[in-house]
Amino acid sequence: NRDGLGFYFETDTNNVLRLNAFIDGEKLVIPHTKSLSIGADFTLEAWVKLKDLSDYRGIISKRSGTNVNYDDGKLGSYDGSSEVLSNATINDNNWHHVAQVHSGTTTTFYIDGDVSGGGTQSNFAENTHPVEIGSARTDSNDLWDGLIDEVKIYNRALSADEITKNYKHQKGKHKND
């Protein structure tokens, strides 16, 4: 759609991006373009399956605080001055639909289509940094170790109904063993 940018991965793993944090610091870096400019209102969304459930792992980042990450079991976002965490914990090796919606000064997390907390963050600014998938910052300690699919970046805050619809639409593709 016009307000969202999705990334399609063509790999040997059923079109899913497989990242291994422990082999050459794998992450996907997409150079900045005008279509990747996001301001105070945005949504970051993906399907994730984490192999290593410990520590801090980046999911999607645009630097300057515009990111969604995995922080010891919870979704997190750091805006450059404060961190907000989800209420629910992801503590298994299953597929999960995750989203961060930022509207004005409010950050809301969704896990598998359900609201999972959030908080106030106000330090998000439009920037020209690249998008990083599988990392949240420049050091190599936050690299994703697992699978990421259906990454979407919107330049607006999606509604709860839209997040639920996106979750239900792709749920059948992301079955757990």
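- Side chains of S61 and V131 form no contact here, defined as non-hydrogen atoms less than 4.5 Å apart.
- Taking both residues in full, the closest heavy atoms of P31 and P130 are given as CA-CB, 4.1 Å, listed atom of the first, atom of the second, then distance.
- No donor-acceptor pair under 3.5 Å is formed between the side chain of N69 and the backbone N or O of I60.
- In this structure, N93 contributes its side chain and L50 its backbone to a donor-acceptor pair below 3.5 Å.
- Between H102 and Q121 the shortest side-chain heavy-atom distance falls below 4.5 Å.
- Proximity of a side-chain donor or acceptor of Q170 to a complementary backbone N or O of Y167 within less than 3.5 Å is not detected.
- Side-chain contact between N166 and L158 is present, with heavy atoms from C-beta onward closer than 4.5 Å.
- T107 OG1 to E83 CD: the interatomic distance, rounded to the nearest 0.5 Å, is 11.0 Å.
- At least one side-chain heavy atom of D71 sits under 4.5 Å from a side-chain heavy atom of L85.
- The minimum heavy-atom distance between D41 and G104, with the atom names listed, is OD1-N, 2.7 Å.
- Using modelled atom types, one finds no donor on one side chain facing an acceptor on the other under 3.5 Å when comparing E150 with H174.
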Show your working on salt bridge (Lys or Arg N to Asp or Glu O under 4.0 Å) between D149 and K173 and close with a plain yes or no. CA-CA 10 Å; D149 195 22; K173 177 183 174 185; 3.0 Å; yes

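- Not counting sequence neighbours, T105 has no partner by the side-chain hydrogen bond (donor to acceptor under 3.5 Å, both in side chains) test.
- For K168, the side-chain contact (heavy atoms from CB on, under 4.5 Å) partners at least two apart in sequence or on another chain are T164.
- Residue G118 comes nearest to V84 through the heavy atom pair C-CG1, 3.2 Å, listed as atom of the first residue, atom of the second, then distance.
- For D92, the side-chain hydrogen bond (donor to acceptor under 3.5 Å, both in side chains) partners are N94, H96, not counting sequence neighbours.
- Contact detail for A99 and I163: the closest heavy-atom pair is CB-CD1, 3.8 Å.
- At least one donor-acceptor pair under 3.5 Å links the side chain of K74 to the backbone N or O of N87.
- Counting heavy atoms from C-beta outward, E45 and V98 have side chains that stay 4.5 Å or more apart.
- Using modelled atom types, no side-chain atom of N91 and backbone atom of G73 make a donor-acceptor pair closer than 3.5 Å.
- Partners of T43 by side-chain hydrogen bond (donor to acceptor under 3.5 Å, both in side chains), not counting sequence neighbours: none found.
- When the side-chain contact (heavy atoms from CB on, under 4.5 Å) test is applied to T108, the partners found at least two apart in sequence or on another chain are T106, Y110, V115.
- Between the CD1 atom of I148 and the CD1 atom of I133 there is a distance of 7.0 Å, given to the nearest 0.5 Å.
- Taking every heavy atom of both residues into account, F109 and L75 meet most closely at CD2-CB, 3.8 Å.
- Pairing each heavy atom of S116 with each of A88, the nearest pair is OG-N, 2.8 Å.
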